[in-house]
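Step one of this worksheet: look at the structure below.
What you are looking at is a predicted structure, and each value in this text was computed from that prediction instead of being measured.
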Amino acid sequence: MPTITQRIAENVAGVRQAIADAAARSGRRAEDVTLIAVSKYVGVAEIDALLAAGCRDLGENRPQDLWRKAEQLGDRPIRWHMIGHLQRNKVRRTLPLVTLLHAGDSWRLLEAASQHLQQSGQMLDVLIEVNVSGDVSKTGFGPEDVEPLLPQIAQLPHLRVRGLMAMARWGGTLDDARRDFVRLRELRDRLAASCPPEISLHELSMGMSGDFEVAIEEGATLVRVGSALYEGVET
(Lines give C-alpha, C1' and ligand atoms only; values in the text may rest on other atoms or scores of the structure.)
Protein backbone atom coordinates (compact mmCIF):
# COMPACT_ATOMS: atom_id res chain seq x y z
CA MET A 1 0.00 0.00 0.00
CA PRO A 2 1.62 3.30 -1.06
CA THR A 3 2.16 5.91 1.60
CA ILE A 4 0.64 9.39 1.36
CA THR A 5 4.03 10.71 0.30
CA GLN A 6 4.40 8.09 -2.43
CA ARG A 7 0.86 8.49 -3.76
CA ILE A 8 1.02 12.29 -3.89
CA ALA A 9 4.46 12.13 -5.52
CA GLU A 10 2.98 9.91 -8.26
CA ASN A 11 0.03 12.25 -8.71
CA VAL A 12 2.25 15.33 -8.87
CA ALA A 13 4.44 13.63 -11.47
CA GLY A 14 1.35 12.78 -13.54
CA VAL A 15 0.03 16.34 -13.36
CA ARG A 16 3.43 17.77 -14.27
CA GLN A 17 3.61 15.46 -17.28
CA ALA A 18 0.12 16.57 -18.36
CA ILE A 19 1.25 20.20 -17.97
CA ALA A 20 4.33 19.53 -20.12
CA ASP A 21 2.27 17.81 -22.81
CA ALA A 22 -0.31 20.60 -22.93
CA ALA A 23 2.42 23.24 -23.03
CA ALA A 24 4.07 21.44 -25.95
CA ARG A 25 0.75 21.38 -27.82
CA SER A 26 0.59 25.17 -27.47
CA GLY A 27 4.19 25.70 -28.56
CA ARG A 28 5.47 26.46 -25.07
CA ARG A 29 7.67 24.83 -22.45
CA ALA A 30 6.57 23.18 -19.23
CA GLU A 31 8.60 25.83 -17.40
CA ASP A 32 6.22 28.49 -18.77
CA VAL A 33 3.44 27.14 -16.53
CA THR A 34 3.40 27.27 -12.72
CA LEU A 35 1.48 24.59 -10.83
CA ILE A 36 -0.47 26.00 -7.87
CA ALA A 37 -1.30 23.04 -5.62
CA VAL A 38 -4.68 23.75 -4.04
CA SER A 39 -4.47 22.64 -0.42
CA LYS A 40 -7.90 23.65 0.88
CA TYR A 41 -9.09 20.14 1.77
CA VAL A 42 -5.87 18.67 3.14
CA GLY A 43 -3.76 18.77 6.26
CA VAL A 44 -0.12 18.89 7.27
CA ALA A 45 0.75 15.35 6.11
CA GLU A 46 -0.50 15.99 2.60
CA ILE A 47 1.16 19.40 2.42
CA ASP A 48 4.48 17.91 3.53
CA ALA A 49 4.06 15.31 0.77
CA LEU A 50 3.45 18.10 -1.76
CA LEU A 51 6.60 19.87 -0.59
CA ALA A 52 8.57 16.63 -0.85
CA ALA A 53 7.32 16.31 -4.43
CA GLY A 54 8.63 19.78 -5.25
CA CYS A 55 5.40 21.81 -4.94
CA ARG A 56 6.17 25.12 -3.22
CA ASP A 57 3.26 27.19 -4.53
CA LEU A 58 0.12 26.36 -2.53
CA GLY A 59 -3.31 27.89 -3.01
CA GLU A 60 -6.05 28.44 -0.44
CA ASN A 61 -9.65 29.55 -1.06
CA ARG A 62 -10.61 30.69 2.43
CA PRO A 63 -8.61 33.27 4.39
CA GLN A 64 -9.21 31.54 7.71
CA ASP A 65 -7.72 28.29 6.39
CA LEU A 66 -4.74 30.16 5.02
CA TRP A 67 -4.14 31.86 8.39
CA ARG A 68 -4.29 28.54 10.25
CA LYS A 69 -2.03 26.65 7.85
CA ALA A 70 0.48 29.47 7.55
CA GLU A 71 0.81 29.39 11.35
CA GLN A 72 1.05 25.59 11.49
CA LEU A 73 3.57 25.43 8.65
CA GLY A 74 5.54 28.60 9.28
CA ASP A 75 8.88 26.80 9.01
CA ARG A 76 8.10 25.27 5.58
CA PRO A 77 9.33 26.88 2.31
CA ILE A 78 5.82 27.66 1.04
CA ARG A 79 4.68 30.41 -1.31
CA TRP A 80 1.02 30.96 -0.41
CA HIS A 81 -1.49 32.02 -3.05
CA MET A 82 -4.90 33.44 -2.13
CA ILE A 83 -7.08 32.05 -4.90
CA GLY A 84 -10.56 32.61 -3.45
CA HIS A 85 -12.62 35.70 -2.76
CA LEU A 86 -11.07 37.93 -0.10
CA GLN A 87 -13.35 40.14 1.96
CA ARG A 88 -12.01 43.58 2.78
CA ASN A 89 -12.20 42.97 6.54
CA LYS A 90 -9.72 40.09 6.12
CA VAL A 91 -7.15 42.04 4.12
CA ARG A 92 -5.00 43.07 7.07
CA ARG A 93 -4.41 39.54 8.32
CA THR A 94 -4.16 37.86 4.92
CA LEU A 95 -1.92 40.01 2.75
CA PRO A 96 1.28 39.63 4.81
CA LEU A 97 1.09 35.88 4.25
CA VAL A 98 0.61 35.69 0.49
CA THR A 99 2.93 35.74 -2.50
CA LEU A 100 0.16 36.38 -5.04
CA LEU A 101 -3.46 37.47 -4.69
CA HIS A 102 -5.30 35.84 -7.59
CA ALA A 103 -8.81 37.15 -6.95
CA GLY A 104 -8.46 40.90 -7.30
CA ASP A 105 -12.16 40.95 -8.07
CA SER A 106 -13.36 44.49 -7.29
CA TRP A 107 -12.16 48.08 -7.12
CA ARG A 108 -13.08 48.24 -3.43
CA LEU A 109 -10.89 45.24 -2.61
CA LEU A 110 -7.94 46.54 -4.62
CA GLU A 111 -8.27 49.94 -2.97
CA ALA A 112 -8.47 48.42 0.53
CA ALA A 113 -5.46 46.22 -0.20
CA SER A 114 -3.46 49.21 -1.42
CA GLN A 115 -4.33 51.25 1.66
CA HIS A 116 -3.20 48.47 3.99
CA LEU A 117 -0.01 47.89 2.03
CA GLN A 118 0.85 51.58 2.25
CA GLN A 119 0.61 51.36 6.03
CA SER A 120 2.70 48.22 6.27
CA GLY A 121 5.22 49.13 3.58
CA GLN A 122 4.64 45.77 1.86
CA MET A 123 4.49 45.31 -1.92
CA LEU A 124 2.11 42.69 -3.29
CA ASP A 125 1.61 41.01 -6.65
CA VAL A 126 -2.03 40.75 -7.69
CA LEU A 127 -4.13 39.47 -10.57
CA ILE A 128 -7.32 41.10 -11.81
CA GLU A 129 -10.17 38.58 -11.72
CA VAL A 130 -12.48 38.73 -14.75
CA ASN A 131 -15.90 37.10 -14.90
CA VAL A 132 -15.55 35.90 -18.48
CA SER A 133 -18.52 33.51 -18.30
CA GLY A 134 -21.02 36.11 -17.10
CA ASP A 135 -22.10 33.74 -14.31
CA VAL A 136 -23.99 35.87 -11.78
CA SER A 137 -22.75 33.68 -8.91
CA LYS A 138 -19.11 34.53 -9.68
CA THR A 139 -17.15 37.55 -8.52
CA GLY A 140 -14.87 39.55 -10.79
CA PHE A 141 -14.85 42.48 -13.15
CA GLY A 142 -16.92 42.32 -16.30
CA PRO A 143 -14.68 42.03 -19.37
CA GLU A 144 -15.87 45.42 -20.59
CA ASP A 145 -15.02 47.06 -17.25
CA VAL A 146 -11.33 46.22 -17.09
CA GLU A 147 -9.88 48.59 -19.70
CA PRO A 148 -11.44 51.81 -18.31
CA LEU A 149 -10.20 50.93 -14.81
CA LEU A 150 -6.61 50.03 -15.70
CA PRO A 151 -5.26 53.61 -15.41
CA GLN A 152 -6.83 53.93 -11.95
CA ILE A 153 -5.58 50.52 -10.84
CA ALA A 154 -2.09 51.43 -12.07
CA GLN A 155 -2.02 54.34 -9.62
CA LEU A 156 -2.78 52.23 -6.54
CA PRO A 157 0.37 52.31 -4.40
CA HIS A 158 2.14 49.08 -3.40
CA LEU A 159 0.10 46.85 -5.76
CA ARG A 160 1.86 45.21 -8.70
CA VAL A 161 -0.64 43.91 -11.25
CA ARG A 162 0.85 40.85 -12.94
CA GLY A 163 -2.02 39.59 -15.09
CA LEU A 164 -5.57 38.29 -15.20
CA MET A 165 -7.44 35.44 -13.54
CA ALA A 166 -10.68 33.66 -14.46
CA MET A 167 -12.70 30.54 -13.74
CA ALA A 168 -14.62 28.55 -16.31
CA ARG A 169 -18.39 28.46 -15.95
CA TRP A 170 -19.91 25.99 -13.50
CA GLY A 171 -21.29 22.79 -14.98
CA GLY A 172 -19.97 23.46 -18.46
CA THR A 173 -18.20 21.15 -20.88
CA LEU A 174 -14.53 21.28 -21.78
CA ASP A 175 -15.54 23.15 -24.93
CA ASP A 176 -17.33 25.71 -22.75
CA ALA A 177 -14.23 26.02 -20.59
CA ARG A 178 -12.05 26.49 -23.65
CA ARG A 179 -14.28 29.31 -24.86
CA ASP A 180 -14.03 31.02 -21.47
CA PHE A 181 -10.24 30.68 -21.46
CA VAL A 182 -10.03 32.04 -25.01
CA ARG A 183 -12.07 35.06 -23.89
CA LEU A 184 -9.56 35.80 -21.12
CA ARG A 185 -6.56 35.41 -23.41
CA GLU A 186 -8.10 37.57 -26.11
CA LEU A 187 -9.01 40.21 -23.53
CA ARG A 188 -5.42 40.22 -22.28
CA ASP A 189 -4.12 40.58 -25.83
CA ARG A 190 -6.47 43.51 -26.54
CA LEU A 191 -5.59 45.26 -23.29
CA ALA A 192 -1.86 44.88 -23.85
CA ALA A 193 -1.96 47.49 -26.60
CA SER A 194 -3.12 50.26 -24.24
CA CYS A 195 -1.98 48.92 -20.88
CA PRO A 196 -0.34 51.47 -18.53
CA PRO A 197 3.40 50.78 -18.17
CA GLU A 198 2.97 50.17 -14.41
CA ILE A 199 0.85 47.08 -15.17
CA SER A 200 1.98 43.72 -16.55
CA LEU A 201 -0.54 41.35 -18.08
CA HIS A 202 1.86 38.46 -18.55
CA GLU A 203 0.21 36.02 -16.14
CA LEU A 204 -3.03 34.18 -16.94
CA SER A 205 -4.35 32.21 -13.97
CA MET A 206 -6.96 29.81 -15.33
CA GLY A 207 -7.70 26.12 -15.20
CA MET A 208 -8.35 23.64 -12.40
CA SER A 209 -8.18 19.84 -12.05
CA GLY A 210 -10.84 19.14 -14.65
CA ASP A 211 -9.73 21.61 -17.31
CA PHE A 212 -6.14 22.71 -16.69
CA GLU A 213 -4.83 21.07 -19.86
CA VAL A 214 -7.31 23.02 -21.99
CA ALA A 215 -6.38 26.18 -20.07
CA ILE A 216 -2.70 25.65 -20.84
CA GLU A 217 -3.46 25.07 -24.51
CA GLU A 218 -5.16 28.48 -24.48
CA GLY A 219 -2.33 30.32 -22.75
CA ALA A 220 -2.52 29.74 -18.97
CA THR A 221 0.69 30.49 -17.10
CA LEU A 222 -0.72 29.53 -13.67
CA VAL A 223 -3.00 26.52 -13.10
CA ARG A 224 -4.80 25.84 -9.81
CA VAL A 225 -4.96 22.06 -9.35
CA GLY A 226 -6.42 20.32 -6.31
CA SER A 227 -8.25 16.99 -6.54
CA ALA A 228 -5.98 15.53 -9.22
CA LEU A 229 -3.10 15.70 -6.73
CA TYR A 230 -4.92 13.63 -4.09
CA GLU A 231 -6.33 10.73 -6.08
CA GLY A 232 -6.05 7.57 -3.99
CA VAL A 233 -5.38 9.56 -0.82
CA GLU A 234 -7.93 9.68 2.01
CA THR A 235 -8.25 13.35 2.99
Is there a donor-acceptor pair under 3.5 Å between the side chain of Asp48 and the backbone N or O of Ala45?
no
Open item on the list: Do Arg224 and Met167 make a side-chain contact, defined as non-hydrogen atoms from C-beta onward lying under 4.5 Å apart?
Closed with: yes
Fill in: Check: Gln6 side chain, Thr3 main-chain N or O, donor-acceptor pair, under 3.5 Å
yes
Check: Is any side-chain heavy atom of Leu159 less than 4.5 Å from a side-chain heavy atom of Ile153?
Finding: no
ring-ring contact (aromatic ring centres under 6.0 Å, His included) pairs touching residues 134-189, sequence neighbours excluded, are none
* Would a hydrophobic clustering, with Ile, Leu, Val, Met, Phe, Trp and Tyr connected at side-chain separations under 4.5 Å, put Leu109 with Leu127? -> no
Sequence neighbours excluded, the answer for side-chain hydrogen bond (donor to acceptor under 3.5 Å, both in side chains) partners of Thr221 is Glu203
* Under 3.5 Å donor-acceptor, Asp105 side chain and Gly140 backbone -> no
Problem set entry | Side chain to side chain, Leu86 and Pro63, heavy atoms closer than 4.5 Å | yes
Residues passing the side-chain hydrogen bond (donor to acceptor under 3.5 Å, both in side chains) test with Arg93, sequence neighbours excluded, are none
Review point. Does Asn131 use its side chain to pair, donor to acceptor, with the backbone of Gly134 at less than 3.5 Å?
Key: yes
Quiz prompt | Student check: side-chain heavy atoms of Leu58 and Ile47 closer than 4.5 Å | solution = yes
Practice prompt. Look at Asp65 together with Lys40 and state whether they make a salt bridge at an N to O cut-off of under 4.0 Å.
Written response: no
Contacts satisfying ring-ring contact (aromatic ring centres under 6.0 Å, His included) that involve residues 94-118 (not counting sequence neighbours) are His81-His102
**Message:** So does Leu222 get a backbone contact from the side chain of Thr34, meaning a donor-acceptor N/O pair under 3.5 Å?
**Reply:** no
| message | Looking at Gln119, I want to see if its CD is surrounded by more than 12 non-hydrogen atoms of other residues, nucleotides or ligands under 6.0 Å. | response | yes
Should the pair Glu186-Arg183 be classified as a salt bridge under the 4.0 Å nitrogen-to-oxygen rule? no
Taking atom types as modelled, is there a side-chain donor on Lys69 or Gln72 under 3.5 Å from an acceptor on the other? no
Contacts of Asp145 meeting side chain to side chain contact (heavy atoms under 4.5 Å, CB included) (sequence neighbours excluded), chain-then-number -> none
Go through it in stages, so that I can follow the logic: the residues are Glu111 and Arg108, the test is salt bridge (charged side-chain N to carboxylate O under 4.0 Å, His left out), and I'd like the CA-CA distance, side-chain angles, deciding distance and then a yes or no. CA-CA 5 Å; Glu111 190 174 40; Arg108 295 176 73 190; over 6 Å; no
Any salt bridge between Arg169 and Asp176, counting N to O under 4.0 Å? no
For Ile216 and Ala23, the nearest pair of non-hydrogen atoms, with its separation, is CG2-N, 3.5 Å
**Study point:** Arg185 side chain to Glu218 backbone, donor-acceptor under 3.5 Å
**Key:** yes
| query | Got a donor-acceptor contact below 3.5 angstrom from the Ser114 side chain to the Leu110 backbone? | reply | no
Output yes when a side-chain donor or acceptor of Thr5 lies under 3.5 Å from a complementary backbone atom of Ala49, and no otherwise. no
State, yes or no, whether a side-chain contact exists between Leu100 and Trp80 at a heavy-atom distance under 4.5 Å. no
Checklist entry - Does some side-chain heavy atom of Ile83 sit less than 4.5 Å from a side-chain heavy atom of Val38? => result yes
For Val91 and Ala112 the tightest heavy-atom approach is CG1-O, 4.2 Å
Applying salt bridge (charged side-chain N to carboxylate O under 4.0 Å, His left out) to Lys138 and not counting sequence neighbours gives Asp135
Original post:
Sub-3.5 Å donor-acceptor pair from the side chain of Arg56 to the main-chain atoms of Leu51, do we have one?
Top reply: yes
Do Cys55 and Arg16 have side chains that get closer than 4.5 Å, going by heavy atoms? yes
Exercise for review: Side-chain contact test, heavy atoms from C-beta onward, threshold under 4.5 Å: evaluate it for Met82 versus Leu66 and give yes or no.
Suggested key: yes
Exercise for review: Say whether, by atom type as modelled, one donor and one acceptor occur between the side chain of Arg188 and the main chain of His202 under 3.5 angstrom.
Suggested key: yes
Smallest heavy-atom separation, Val146 atom then Val130 atom, equals CG2-CG2, 4.0 Å
query: Does any donor atom in the side chain of Glu46 or Ser39 lie under 3.5 Å from an acceptor atom in the other side chain?
result: no
